[in-house]
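Notes follow once the structure below has been shown.
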Amino acid sequence: MHFTSERRLDDGVVEREFTLGEIPGTLWTPGSAASAPPILMAHNNGLPKGEPRLVARARHTAANGYAVATIDAAGCGDRPRSAADQQARADLRRAMQAGEPVDEIFESFIGPLVEKAAPEWRTTLDALLALPEIGGPVGYSGWTALGIRLAVTEPRIAAAGFFAGGYVPRAQREEARQVTVPLLFLLQWDDEGNPRQRALDLFDAFGTKEKTLHANMGGHVGTPWFELEDGGRFYDRHLK
């Protein structure tokens, strides 16, 4: 892991950009010298690591004593995308705007994205846990499809928070039954991009005995700020 920049923010959090081979990432750590539990924070469906809502969540979480890392995995952010990926994205946007069925288009886009992204997140976790300022149980926060894959295949993850979940590839819907870590599932009741009943069915499918569903009125980007504070208490219970 090669750090390319470092700055201390007003809240005392240290923000560092890094590269890990071809993987670009950002790491936020609390100002204290104590070893901090890591939380992997992934945005939905390939959006960039610098997306403002993700950065705000990461800074708040790091200020509460966690080491928060995000990356642009393969096909995400500014990293190169194949012509097939670009076409699938365009087809998905067109179909959703037209109100047409999107299941098969979604499978052709998100399924391969998860397959490419998961190994790079595991590589990132290896590098993070080698740093002296990071240690302890690992948390995950964000993109549901990727989170399911990591929660099932990465034994170091001790707790996970998932967002939305209406559209999750079939492979990850089957894997959901194997998720056994404590889970916090956030649902926006009027999310135009994630069918409510599908999200509820997915929540029901998770195999863990400790799962909590928080549902709030509003659209996709309307998650109340207090959910971040509730999420902090969830991670405190399981990671500290």
Side-chain angles (χ1 to χ4, degrees), residues 1-5 15-29 36-51 53-55 57-58 61-62 66-86 88-89 92 106-131 133-165 167-176 178-179 181 239:
M1 180 174 282
H2 174 64
F3 290 103
T4 58
S5 69
E15 178 185 85
R16 287 177 283 177
E17 299 292 327
F18 65 84
T19 57
L20 186 60
E22 297 181 352
I23 306 169
T26 308
L27 174 63
W28 295 267
T29 50
I39 294 179
L40 307 178
M41 193 169 285
H43 210 298
N44 284 4
N45 302 350
L47 291 176
K49 64 184 180 62
E51 205 281 334
R53 288 182 295 147
L54 183 148
V55 172
R57 288 178 16 236
T61 304
Y66 293 94
V68 182
T70 189
I71 63 170
D72 280 342
C76 300
D78 295 328
R79 292 185 64 186
R81 297 168 183 161
S82 69
D85 286 344
Q86 296 285 49
R89 288 173 185 267
L92 182 62
F106 187 83
E107 289 284 340
S108 69
F109 168 39
I110 300 299
L113 199 61
V114 171
E115 294 295 331
K116 295 173 184 176
E120 295 199 344
W121 277 95
R122 287 195 291 270
T123 297
T124 301
L125 179 57
D126 291 341
L128 291 170
L129 292 175
L131 298 174
E133 65 269 35
I134 298 178
V138 179
Y140 175 89
S141 173
W143 179 16
T144 299
L146 174 65
I148 291 171
R149 170 59 56 85
L150 291 177
V152 170
T153 61
E154 178 46 71
R156 291 172 292 187
I157 291 179
F162 295 158
F163 292 177
Y167 281 118
V168 170
R170 285 185 286 268
Q172 278 66 64
R173 287 185 171 272
E174 289 302 316
E175 286 179 324
Q178 303 173 47
V179 173
V181 298
L239 304 183

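On a predicted model such as this, the values are computed, not experimentally measured, just so you know.
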Which heavy atom of [X] sits nearest a heavy atom of [Y], and at what distance?
X	Y	value
Pro38	Gly136	CD-O, 4.0 Å
Ile39	Ser141	CG2-CB, 4.1 Å
Ala62	Trp28	CB-CB, 3.8 Å
Ile157	Ala151	CD1-N, 4.3 Å
Pro169	Gly111	CG-N, 3.9 Å
Ile148	Ala176	CG2-N, 3.9 Å

State, with a plain yes or no, whether a side-chain heavy atom of [X] is found less than 4.5 Å away from one of [Y].
X	Y	result
Leu129	Arg156	yes
Phe162	Tyr140	yes
Val68	Thr70	no
Leu150	Trp143	no
Leu27	Ile134	yes
Glu120	Asp72	no

For the atom pair [atom1] ([X]) and [atom2] ([Y]), what is the distance rounded to the nearest 0.5 Å?
X	Y	atom1	atom2	result
Ile71	His43	CD1	NE2	14.5 Å
Arg57	Phe163	CZ	CZ	3.5 Å
Met1	Thr123	CE	OG1	10.0 Å
Arg149	Trp121	CZ	CH2	15.5 Å
Leu131	Phe18	CG	CZ	9.0 Å

According to side chain to side chain contact (heavy atoms under 4.5 Å, CB included), who are the partners of Arg170, at least two apart in sequence or on a separate chain?
Glu104, Glu107
Taking salt bridge (Lys or Arg N to Asp or Glu O under 4.0 Å) as the definition, give me every residue that meets it alongside Arg16, ordered by chain and number, with sequence neighbours left out.
Glu133
Is there a donor-acceptor contact under 3.5 Å from the side chain of Thr29 to the main chain of Ala67?
no
Just by distance, do the side chain of Glu51 and the backbone of Leu54 share a donor-acceptor pair under 3.5 Å?
yes
Determine whether Val138 and Glu154 satisfy the following criterion, side chain to side chain contact (heavy atoms under 4.5 Å, CB included), listing intermediate values before the conclusion.
CA-CA 10 Å; Val138 179; Glu154 178 46 71; over 6 Å; no
Give the table of side-chain donor-acceptor pairs shorter than 3.5 Å for residues 19-26, with sequence neighbours excluded, one pair per line with atom names and distance.
| unit_1 | atom_1 | unit_2 | atom_2 | d |
| --- | --- | --- | --- | --- |
| Thr26 | OG1 | Glu17 | OE1 | 3.0 |
| Thr26 | OG1 | Glu17 | OE2 | 3.1 |
| Thr26 | OG1 | Lys49 | NZ | 3.2 |

Side-chain donor-acceptor pair present, Glu175, Gln172, cut-off under 3.5 Å
yes
